[in-house]
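Comments concern the structure below.
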Amino acid sequence: MANKSFKGRAILPGRLEGEALVSRVGFNAYASFFDSLHDQVTSAVSADTGNAELFGKRLDGKIICLPNTIGSTSAGAVWQRVAFLGVAPKAVLFSMSIDSMAAGGLIIADLWAGKRIVTLDQLGDEFLNTIKDGDWISILDDGKVIIK
């Protein structure tokens, strides 16, 4: 595939590259990082048995690509904690809008833990229909995403 680019809204901007990990059904932050949060492990492997697309896959160091988020009272705290523990993904990309609870947690992780998880939303349905696990992604400061 030739390079394909998408433009999103940068919630937490940043410039980086990495490998995509895709879930078209969403993301339960607490269930996904459960083992990392409770066992103080050094890498995050998704423990969310309700998400067959992610279960058992490494989350840390990846660029997680999702449709949207549904807020919960734990989402913000989970993002802050996994950033602090160093088991967070490099970036989280959403085809639709990020929920304010999840965005708040990512912003708090950036401010309090000093660990930026680059976050973009509003990349569009075509983005989620195009991206596949293992694709290499470049993210630019202005919210542009290039799938290589």
Side-chain angles (χ1 to χ4, degrees), residues 5-51 53-124 127-128 130-148:
S5 66
F6 299 88
K7 180 78 163 95
R9 178 177 65 161
I11 305 297
L12 289 169
R15 178 180 288 265
L16 58 84
E17 291 190 343
E19 183 181 350
L21 184 58
V22 181
S23 174
R24 290 173 180 79
V25 298
F27 188 73
N28 180 328
Y30 183 73
S32 294
F33 290 107
F34 184 86
D35 292 340
S36 300
L37 293 171
H38 294 282
D39 296 332
Q40 306 297 306
V41 297
T42 58
S43 67
V45 175
S46 178
D48 185 358
T49 57
N51 188 337
E53 292 176 309
L54 295 180
F55 180 72
K57 294 181 180 177
R58 280 189 74 142
L59 303 173
D60 55 318
K62 303 291 184 178
I63 297 175
I64 301 180
C65 304
L66 305 165
N68 63 345
T69 58
I70 299 171
S72 71
T73 54
S74 64
V78 169
W79 285 117
Q80 191 234 342
R81 185 74 178 138
V82 298
F84 181 76
L85 292 172
V87 294
K90 285 184 173 183
V92 189
L93 309 180
F94 300 94
S95 64
M96 296 166 38
S97 292
I98 186 173
D99 180 89
S100 61
M101 291 293 284
L106 288 156
I107 291 167
I108 288 170
D110 185 49
L111 295 172
W112 290 0
K115 311 280 183 169
R116 174 152 295 188
I117 302 169
V118 171
T119 305
L120 308 177
D121 73 350
Q122 299 180 6
L123 286 162
F127 167 74
L128 200 61
T130 303
I131 193 76
K132 299 181 303 301
D133 279 355
D135 282 349
W136 195 257
I137 300 175
S138 291
I139 301 173
L140 307 179
D141 290 321
D142 66 354
K144 186 175 183 180
V145 174
I146 303 165
I147 302 172
K148 296 182 175 188

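For the pair Q80 (side chain) and W112 (backbone), a donor-acceptor distance under 3.5 Å is absent. With hydrogens and angles disregarded, a donor-acceptor distance shorter than 3.5 Å links the side chain of D141 to the backbone of R15. A side-chain donor-acceptor contact under 3.5 Å links R116 to the backbone of P13. The main-chain N or O of V22 is never found under 3.5 Å from a side-chain atom of K132 such that the two would form a donor-acceptor pair. Of the possible polar contacts, none joining the D121 side chain to the F94 backbone as a donor-acceptor pair under 3.5 Å is found.
Counting only heavy atoms from C-beta outward, the side chains of C65 and I137 approach each other to under 4.5 Å. Between S97 and Q122 there is a side-chain heavy-atom pair separated by less than 4.5 Å. The shortest side-chain heavy-atom distance between K57 and K62 does not fall under the 4.5 Å cut-off. Under the 4.5 Å side-chain criterion, counting only non-hydrogen atoms from C-beta, N68 is not in contact with D99. Put simply, the side chain of S23 does not reach to within 4.5 Å of the side chain of F55, judged on heavy atoms. Taking the side chain as every heavy atom from C-beta outward, L106 and I98 approach each other to under 4.5 Å. Looking at heavy atoms from C-beta onward, L59 lies out of side-chain contact with V87 at the 4.5 angstrom threshold. Side-chain contact between L16 and I63: present, with at least one pair of heavy atoms (C-beta onward) separated by less than 4.5 Å.
In K144, the NZ atom is not crowded: 12 or fewer heavy atoms of neighbouring residues, nucleotides or ligands sit closer than 6.0 Å.
Here the straight-line distance linking atom OG1 of T119 with atom CD1 of I64 works out to 10.5 Å at 0.5 Å rounding. Remark: D60 CG to K90 NZ distance equals 11.0 Å, nearest 0.5 Å.
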L120 vs F6, test: side-chain contact (heavy atoms from CB on, under 4.5 Å). Steps then yes/no. CA-CA 11 Å; L120 308 177; F6 299 88; over 6 Å; no
Give the C-alpha distance, both sets of side-chain angles, the deciding distance and a yes or no for side-chain contact (heavy atoms from CB on, under 4.5 Å) between L128 and R24. CA-CA 7 Å; L128 200 61; R24 290 173 180 79; 4.0 Å; yes
Kindly determine whether L21 and E19 satisfy side-chain contact (heavy atoms from CB on, under 4.5 Å), including the steps that lead there. CA-CA 7 Å; L21 184 58; E19 183 181 350; over 6 Å; no
Carefully, step by step, assess K115 and F84 under the rule side-chain contact (heavy atoms from CB on, under 4.5 Å). CA-CA 7 Å; K115 311 280 183 169; F84 181 76; 5.8 Å; no
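Just one of I131, L93, L140 meets the side chain to side chain contact (heavy atoms under 4.5 Å, CB included) condition when paired with V145; it is L93.
A83 and I117 get closest at one heavy-atom pair: CB-CD1, 4.1 Å. For K7 against L123, the heavy-atom pair with the smallest separation is C-CD2, 3.7 Å. Across all their heavy atoms, D135 and T130 have their closest contact at OD2-O, 4.0 Å.
Between W79 and F27, the ring planes lie parallel to each other; the angle is under 30°, not in the 30° to 60° tilted range. Aromatic ring orientation, H38 versus F34: tilted (interplanar angle from 30° to 60°).
A donor and an acceptor atom, one from each side chain of S32 and N51, are nowhere located under 3.5 Å apart.
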